[in-house]
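The structure displayed is predicted, hence computed values, not measured ones. In this chain, numbering begins with 1 at the start of the sequence shown.
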Amino acid sequence: MIPRERIRNIGISAHIDSGKTTLSERILFYTGRIHAIEEVRGGGKGATMDFMPEEKLHGITITAAATTCQWHDTQINLIDTPGHVDFTIEVERALRVLDGAVMVLCAVAGVQSQSITVDRQMKRYRVPRLAFINKMDRMGANPFRVVQAIRDRLQLNAVLLQYPIGSENQFQGVIDLVEMNAHYFEGENGENWVKKPIPEALVDEAQQAREKLLDALSLFSEPMTEMLLAGAEIPPALIWQTIRQATLSLELTPVLLGSAFKNKGVQNLLDAIALYLPSPLDRDWGLGTGDWGLGTGDRGLGTGDWGLGKSFLNTQSPIPNTQSPVPNTQSPIPNTQSPITHRLVALAFKLTVESFGQLTYTRIYSGTLKPGDTVYNSRTGQRLQIGRLVRMHANKREEVKVAVAGDIVALLGVDCASGDTLCTGEPLVSLEKMFVPEPVITLAITPKKQEDSDRLSKALNRFQREDPTFRVSIDPESGTTLISGMGELHLEIYIERIQREYNTEVYVGTPAVAYRETIGQKATFDYRLKKQSGGSGQYAHVSGWIEPTDEPFVFENRVVGGAIPKEYIPGCEKGFREAMQAGVLEGYPVTGVKVILAGGSYHSVDSSELAFRSAAHQALEDAIALAKPYILEPIMLVEVETPNEFMGRVQGDLSSRRGLLLGSETMQSYSVIRAEVPLVQMFGYSTDLRSLTSGMATFTMEFACYKQAAMKDDR
């Protein structure tokens, strides 16, 4: 069994087309996991991690794929994540369970829109990361500009650990600024990793780059500062240790260089993953440090960002000290006698439904798991029997006899939902769930043949279970089935899967925008429900007010003196929530409302929870109508990369779509334009952009925020 300190659970994340999957393919090749390199767009079998037919067809990663490989004495559990914003949930749930990450950036384009999204996700889950500047062989590659963009746009303390030997089509290798030698990658696939003296012409530049590196690192190491002041030579071991400590404390982002497609620099990245990224022990999830390991890890049980079950844990335990020293990589495995090490706590973070049953990707945080074990789903209280355990290699499975803390495995045949906590013992504990963005686009679909209705229903139920951002609903007026998702491509992929996997052809309606309604001011309500029609009647009286808020919905109970009995308060809240489902203007869901229930009255015989639920529903509808309601529309952050000669056309077109231009950046022969544009104006934009730029421009789009919509005729 691999010691816990030699395991790295990492993800590779980036903007679309930055080379993540190409990099993953090289990692698998150099670690001996595969024996031939396949390209994402090469006409062959396709990259190992892109195994879905839709991924091969579109040439992009759609679903996060997991694998395990070995680099020297380190086991790397790797998840390759999508770069397209429509599939951002795959990145979200991968980062939710990973210990470290590699952020890939294009040496030409630098920090792009999805780079910012990925950075935000990594910060949300406090994931230490390395940055890998890829495509150093491309025309216009400039790693120094990219490093500055990382500092300026992502607010990260980015530090180059390497200096390039050549650039663009002259890129030959890298200079290691720690050991001060040159690294070249020879052989047909760059498998011969050769270290040589630094080229004479680059000695001075490399020395200056090393001095900048040491100066940046000295802020995190007193011994290094003293040695620099004394003019002493800094040993590589001290540099490695300092980089590691600053990386794990999220105070430093080491930056490496290479070209995955040209097979250069990947072995250096593998070394850096082993040297600088955390093991499960270094992340210190609060495991094995006293009674339930309270208050030690930055995601420790009960006190960290992903704290376990605060309802039963001691909330007075200290918050982790981020300045505390990072554990040595040789730290021992936690004491197996500690209570936390024999009690299972695991998170089901992703699932796929297949013909044999459900495949549930699971991260083990504590304890051990074996086939035949009995566990509990803390959300449902359901008792589950573990059948088979497998370790995934893309879409292939390898049997596992036992999984321990730090492992990422898949369970076969376990019935649970994405985000559920599996545990043993009492009391049941729950890990905090991941962030799930709301869908922004809706399509109506209908089977072309009535006999395909059952198959369509099965497909939609399965996809909704697998993907939290894919929603299915029924139009109450027409009875039509509606599917909602993160973008046109997101829904297009699911329609393709319905046709391929379920042999069901469907009619697809025009896209509809996920509008919302909200309120513009405070308003009061005082509603009395009084019905008498023979026998027991209905009576409920609620009063209070509503006001705008930044949260989707807030309910506050300020009823005193028993004006409304406590047992009816939950009914009131249910009624308020039901009224939020459809607004008074055009029936869109309502958001941004705080409801304060201040008083009311009841009848000892005719009052019931149902009566108060109905009264609250009607009261909120009446109050919303008085609170100057208005429509909100989704605004998208659009980033267009276009040749310079088309820049004016593109900017003019975005402005005509009610776009707000945020700025532009010119780089040699092309420009990057950023704008915020209403989603309703972006349907069919890819076709229009091709026409404007002779097919030479590309664009990406992601949800930015909701803003007050234009008049209906202008949408």
Asker: Given side chains that start at C-beta, do those of L154 and M103 come closer than 4.5 Å, heavy atoms only?
Answerer: yes
Asker: With a 3.5 Å distance limit and no angle check, can you tell me whether S18 reaches the backbone of A14 through a side-chain donor-acceptor pair?
Answerer: no
Asker: Looking at Y30, I'd like to know if its OH atom is crowded, meaning that more than 12 non-hydrogen atoms belonging to other residues, nucleotides or ligands lie closer than 6.0 Å.
Answerer: yes
Asker: Using distance alone, with no hydrogens and no angle criterion, decide if S115 and H15 have a side-chain donor and acceptor under 3.5 Å apart.
Answerer: no
Asker: Can Q241 and I243 be said to form a side chain to side chain contact (heavy atoms under 4.5 Å, CB included), step by step?
Answerer: CA-CA 6 Å; Q241 179 188 15; I243 294 172; over 6 Å; no
Asker: May I ask you to test the L637-E639 pair for a side-chain heavy-atom distance under 4.5 Å?
Answerer: no
Asker: Short question: side chain of S221, backbone of L217 - any donor-acceptor pair under 3.5 Å?
Answerer: no
Asker: Which heavy atom in A274 sits nearest to a heavy atom in R8, and how many Å separate them?
Answerer: O-NH2, 2.8 Å
Asker: I need the Q121 CD to F435 CZ distance, nearest 0.5 Å.
Answerer: 9.0 Å
Asker: Taking atom CG of N268 and atom CD of Q162, what is their separation to the nearest 0.5 Å?
Answerer: 5.0 Å
Asker: Determine whether I79 and F349 make a side-chain contact, defined as any pair of heavy atoms from C-beta on separated by less than 4.5 Å.
Answerer: yes
Asker: Could you tell me whether the side chain of L78 reaches within less than 4.5 Å of the side chain of R33, counting heavy atoms only?
Answerer: no
Asker: Just so I know, are the side chains of M180 and R210 near enough to count as touching, which here means a heavy-atom distance under 4.5 Å?
Answerer: yes
Asker: Would you name the heavy atoms of D99 and P278 that are closest together and state the gap between them?
Answerer: O-CG, 3.0 Å
Asker: Is a donor on one side and an acceptor on the other found under 3.5 Å between the side chain of T362 and the backbone of T360?
Answerer: yes
Asker: Is there a side-chain contact between I16 and F87 in this structure, where contact means two heavy atoms from C-beta onward sitting under 4.5 Å apart?
Answerer: no
Asker: For the CG atom of L270 and the CD1 atom of I76, what is their distance to the nearest 0.5 Å?
Answerer: 5.0 Å
Asker: Okay, side chain of S13, backbone of V118: is any donor-acceptor separation there less than 3.5 Å?
Answerer: no
Asker: Side-chain donor-acceptor contacts of residues 186-202 below 3.5 Å, not counting sequence neighbours, with atom names and distances?
Answerer:
residue : atom : partner : partner atom : Å
E191    : OE1  : N189    : N            : 2.8
W193    : NE1  : H183    : ND1          : 3.2

Asker: Can you name the nearest heavy-atom pair linking Q70 to H72, along with the distance?
Answerer: CG-O, 3.5 Å
Asker: Does the side chain of D152 pick up a donor-acceptor pair with the side chain of Q148 at under 3.5 Å?
Answerer: yes
Asker: Going by heavy atoms in the side chains, are D282 and E5 under 4.5 Å from each other?
Answerer: no
Asker: Sub-3.5 Å donor-acceptor pair from the side chain of E168 to the main-chain atoms of G140, do we have one?
Answerer: yes
Asker: Can a salt bridge be assigned to the pair R4 and D407 using a cut-off of 4.0 Å between side-chain N and carboxylate O?
Answerer: yes
Asker: Show me the pairs that pass ring-ring contact (aromatic ring centres under 6.0 Å, His included) and involve residues 126-178, at least two apart or across chains.
Answerer: F144-Y163
Asker: Checking the side chain of R151 only, and the main-chain atoms of V146 only, is there a donor and an acceptor separated by less than 3.5 Å?
Answerer: no
Asker: Do T117 and R120 come within less than 4.5 Å of each other through their side chains, counting heavy atoms only?
Answerer: yes
Asker: When rounded to the nearest 0.5 angstrom, what is the spacing between CE in M486 and OG1 in T88?
Answerer: 7.0 Å
Asker: Using modelled atom types only, decide if a donor and an acceptor are shared between the side chain of R138 and the backbone of V108 within a distance under 3.5 Å.
Answerer: no
Asker: For a quick check under 3.5 Å, do T642 and S671 share a side-chain donor-acceptor pair by atom type?
Answerer: no
Asker: Under the 6.0 Å and 45° cation-pi test, does R363 pair with Y365?
Answerer: yes
Asker: Among residues two or more places apart or on two chains, list those pairs meeting salt bridge (Lys or Arg N to Asp or Glu O under 4.0 Å) that have a residue in residues 258-281.
Answerer: none
Asker: Which value, rounded to the nearest 0.5 Å, describes the distance between Q170 atom CD and M136 atom CE?
Answerer: 12.0 Å
Asker: Taking all atoms of both residues into account, what is the closest heavy-atom pair of S259 and N134, and its distance?
Answerer: CA-OD1, 3.5 Å
Asker: Whether R391 and E398 form a salt bridge (side-chain N of Lys/Arg under 4.0 Å from carboxylate O of Asp/Glu) is what I want to check.
Answerer: no
Asker: Please check this pair: side chain of R153 against backbone of V111, looking for a donor-acceptor N/O pair closer than 3.5 Å.
Answerer: yes
Asker: Of the options L277, N157, L161, which is the one that meets P254 in a side-chain contact (heavy atoms from CB on, under 4.5 Å)?
Answerer: L161
Asker: Please report the interatomic distance CG(D119) to CG(L105), rounded to the nearest 0.5 Å.
Answerer: 9.5 Å
Asker: Decide whether Q75 and T68 meet the rule of one side-chain donor and one side-chain acceptor closer than 3.5 Å.
Answerer: no
Asker: For R6 and T74, test the side chains for any donor-to-acceptor distance below 3.5 angstrom and give the result as yes or no.
Answerer: yes
Asker: Consider only side-chain N and O atoms of T63 and K350, and report whether a donor and an acceptor are under 3.5 Å apart.
Answerer: yes
Asker: Check whether any side-chain N or O of T81 sits under 3.5 Å from a backbone N or O of I12 as a donor-acceptor pair, and report yes or no.
Answerer: yes
